[in-house]
Every structure is written in structure tokens, then in C-alpha cells.
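Let me begin by presenting the structure, written as C-alpha cells, before commenting on it.
In what follows, every heavy atom counts, from backbone to side chain, and hydrogens, waters and symmetry copies are set aside.
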Amino acid sequence: LGAIVGGWTCDKFGRRTAILYTDALFLVGAIVLATAPSYGTVLAGRVVVGFAAAVSALADVSYLT
């Protein structure tokens, strides 16, 4: 799912902007994980960080080459 949205985001907004969006998602996910009071919140934080990692993997590689 992240790769599909990542491709669309890179095409629509550009790779640099997509990387900045994923950085914000990483930050949100890290805050959710750090303040998680329950197992469900940990899972939600992991989903956010995993989504950001998928988009970042797509945007970073094409930005660096």
C-alpha cells in the first residue's frame, strides 16, 4: 500500500516533498510509539512507521540517483 501511494506522491508533489512528508510520518509514528499506553496503540504506531518506510524506500532511492 505504501509503495502505491509513494509512487503517486512522488509523481504529484516531487521526490523531495515526498521525502519531507515521510519524515513527518516517521516523527508522528515515533511519538505514537513512545507514548503508547496499550498494545493497540503500539500496532497503530507500527503501521504509521511501516507506511512511511515504504514510501521513503521508493522516494529516497529515486531521489539519490
Side-chain angles (χ1 to χ4, degrees):
L1 183 64
I4 294 169
V5 174
W8 177 81
T9 305
C10 286
D11 288 342
K12 181 151 178 93
F13 300 110
R15 289 166 183 84
R16 184 172 186 267
T17 305
I19 292 169
L20 292 174
Y21 285 154
T22 59
D23 290 343
L25 279 177
F26 277 125
L27 182 62
V28 168
I31 290 170
V32 169
L33 287 170
T35 61
S38 67
Y39 183 68
T41 310
V42 171
L43 289 178
R46 291 289 306 244
V47 166
V48 171
V49 170
F51 184 79
V55 175
S56 178
L58 184 76
D60 292 348
V61 171
S62 59
Y63 184 74
L64 293 174
T65 56

Say you draw a straight line from OG of S38 to CG of L43; how long is it, rounded to the nearest 0.5 Å? 8.5 Å

Smallest separation among heavy atoms of G7 and L58, with atom names: N-CD2, 3.0 Å

Note: F26 and S56 closest approach over all heavy atoms is CE1-CB, 4.0 Å

With side chains defined as the heavy atoms from C-beta onward, is the minimum distance between L33 and V49 less than 4.5 Å? yes

Using side-chain contact (heavy atoms from CB on, under 4.5 Å), reason through F51 and L25 one step at a time and then give a plain yes or no. CA-CA 8 Å; F51 184 79; L25 279 177; 3.8 Å; yes

Find out if a path of hydrophobic residues (ILVMFWY) with successive side-chain heavy-atom gaps under 4.5 Å connects V5 to V48. yes

Would a distance-only check, ignoring hydrogens and angles, find a side-chain to backbone donor-acceptor pair under 3.5 Å from T35 to I31? yes

For L20, does the CG atom have more than 12 heavy-atom neighbours from other residues, nucleotides or ligands under 6.0 Å away? yes

